[in-house]
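Worksheet: the structure to be examined is printed underneath.
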Amino acid sequence: MLTIEAQWFDISFLNVHAPTEDKSQDEKETFYEQLESLQKPIPSDRIQIVLGYLNAKVGKETMFRQVAGKYSLHDETNDNGRKLIDLATGNGLVIKNTMYPHKNIHKGTWSINRLSSRYTENEDADACQGHKWTLRSLWTYMEKGRKIDVKKLWKSLEDLVVKTVISGESPMAMSQMCSSNLCNRYNAYELFGIDVLFDEYLKPWILEVNISPSLHSSSPLDLAVKGPLVKDLMNMAGYHIPNKMSHSTHNYLLKVLGVKSILCYDKRLYTLNLSAKEKEKEEYYTNIESREEYIDSILDDLLPDNIRHLIVYEDEITQVGSFQKVFPTTSSSKYHKYFDSSRYYNMLLDAWECKYSNNRGEGTAVLEKLCQLKIHLEVPDIDEEE
């Protein structure tokens, strides 16, 4: 929730993402209960705007017109739509986007527009035809058919995406949901779907960021895009074998697979706890003012926590597949000023990229040497006790 204090009145914005129609009633009820718990403390004299992705179909039924108007794209209200109407009615709100007339093409999302009689299917991932193209096909069309500098266009997209993620980085990383549900960094991954619109001058604009982008494949084109995406995503996340097998089975698999180290998940690699020395180093570097002060020295004395972060980082890079890393890079330090405060790991990875981006083998050799000494497994006493 974001509240803006104005001269004559205050406005509270609640950005939400509701469960889809096929989710269980329990999940839907929980969502609306949580939403109403956020609404209750809001003073009655404050303007309240709920926006985001409600996943609801509001119909044209006469009984709902006072709350929802008569200009919906749909004739009948679905279950999610009724829940949305109940929420609006109970809190003195109205559903604005169905209150005023619009062209039908402007009323629906992709899943609605494809039901149009004029919609043309495209099942070829390499074809520049129909109403759904792959990004590769779009780039080919723009470069060869329109003589557009696609590399420049991609750079503008990278810039937009990095700034968008930074704008939400603090509430994502520091949120109560993270602190209450993540006991370590092992399962701290998220896939976002970022919708972008190019204007007539080819300037990109953010439409929305989906926290649960659809991975459903309903056509060969979908499968060609989403199949490799899911594979690369899981490889980057680096799923470990749970540490629940017997000692004899573990030793047998080590022999069969030719692995010389521990095969299963080791919680020490992802601990959130820091030693006193690690805290001291982090505090020192987050208080310096210029890049020149850390770019060389921060890597001089790599502590166990530093090594663990760099190991995971290098592992992710080897599994990136068709993904492209846009942060951190050798030039991404220009974005550091957009964070609400200095980030120690941004500095660490910035220095690492500057030193080893052109020779990753040299960097991994440094980490391998430290790992052979098992420095990366040194954790604070609190982790040993757990």
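In what follows, every heavy atom counts, from backbone to side chain, and hydrogens, waters and symmetry copies are set aside.
Side-chain atoms of N91 never come within 3.5 Å of backbone atoms of L93 as a donor-acceptor pair (strictly under, hydrogens ignored). Of the possible polar contacts, one joining the N80 side chain to the N55 backbone as a donor-acceptor pair under 3.5 Å is found. In this structure, the side chain of S357 does not engage the main chain of C354 through any donor-acceptor pair within 3.5 Å.
Under a cut-off of 6.0 angstrom, the local environment of CZ in F192 is crowded, with over 12 non-hydrogen atoms contributed by other residues, nucleotides or ligands. Heavy-atom neighbours of E36 CD from other residues, nucleotides or ligands within 6.0 Å: above the threshold of 12. Environment of CG in N358: sparse, with no more than 12 heavy atoms of neighbouring residues, nucleotides or ligands closer than 6.0 Å. In the displayed structure, Q66 atom CD is contacted under 6.0 Å by at most 12 heavy atoms of other residues, nucleotides or ligands. Surrounding CD of E283 are at most 12 heavy atoms belonging to other residues, nucleotides or ligands under 6.0 Å away. Heavy-atom neighbours of E293 CD from other residues, nucleotides or ligands within 6.0 Å: above the threshold of 12.
Residues E21 and N78 come closest through the heavy atom pair OE1-ND2, 3.2 Å. Of all heavy-atom pairs between L302 and L299, the closest is CG-O, 3.7 Å.
We find the CG-NZ distance between L51 and K96 to be 14.5 Å, quoted to the nearest 0.5 Å. Taken to the nearest 0.5 Å, the CG atom of L257 stands 9.0 Å off from the OH atom of Y252. Here the CG-CG distance, from L370 to N306, works out to 10.0 Å after rounding to the nearest 0.5 Å. In this structure, OG1 on T98 lies 11.0 Å from CZ on R65, to the nearest 0.5 angstrom. Remark: D159 CG to F327 CZ distance equals 12.0 Å, nearest 0.5 Å. Here the straight-line distance linking atom OH of Y186 with atom CG of L272 works out to 14.5 Å at 0.5 Å rounding.
A salt bridge links E353 with K325: the closest approach of a Lys/Arg side-chain nitrogen to an acidic carboxylate oxygen falls below 4.0 angstrom. In summary, E169 and R343 engage in a salt bridge, as defined by a charged side-chain N under 4.0 Å from a carboxylate O. A salt bridge is absent between K163 and E158; no separation between the charged side-chain nitrogens and carboxylate oxygens falls under 4.0 Å.
Looking at heavy atoms from C-beta onward, V196 lies in side-chain contact with I206 at the 4.5 angstrom threshold. You'll find the side chain of S332 stays beyond 4.5 Å of the side chain of V162, heavy atoms only. Looking at heavy atoms from C-beta onward, S214 lies in side-chain contact with K226 at the 4.5 angstrom threshold. Between L157 and F198 the shortest side-chain heavy-atom distance falls below 4.5 Å.
Applying the side chain to side chain donor-acceptor pair (under 3.5 Å) rule to T89 yields no partners; only residues at least two apart in sequence or on another chain are considered. With sequence neighbours excluded, the residues forming a side chain to side chain donor-acceptor pair (under 3.5 Å) with E278 are S275, listed by chain and number. Residues that satisfy the side chain to side chain donor-acceptor pair (under 3.5 Å) test with K83, not counting sequence neighbours, are Q25, D79. For Y356, the ring pair (Phe, Tyr, Trp, His ring centres under 6.0 Å) partners are W352, not counting sequence neighbours.
Note: F339 and H336 have perpendicular aromatic rings, judged against thresholds of 30 and 60 degrees for the angle between ring planes. Y285 and Y344 have tilted rings, their planes meeting at an angle from 30° to 60° on a 0 to 90° scale.
In the model, N346 has no side-chain atom that pairs as donor or acceptor with a side-chain atom of Y335 under 3.5 Å. Side chain to side chain, T120 and Q129 fail the donor-acceptor criterion of an N or O pair below 3.5 Å. One side chain, Y270 or H240, offers a donor N or O that lies under 3.5 Å from an acceptor on the other.
When hydrophobic residues (I, L, V, M, F, W, Y) are linked wherever their side-chain heavy atoms come within less than 4.5 Å, the members clustered with L207 are L197. Residue M236 belongs to a hydrophobic cluster whose other members are L191, L215, L229, V230, L233, M234, V320, F323, with links defined by side-chain heavy atoms closer than 4.5 Å.
Applying the side-chain hydrogen bond (donor to acceptor under 3.5 Å, both in side chains) test between T77 and each of K57, R82, E61 identifies E61 as the sole match.
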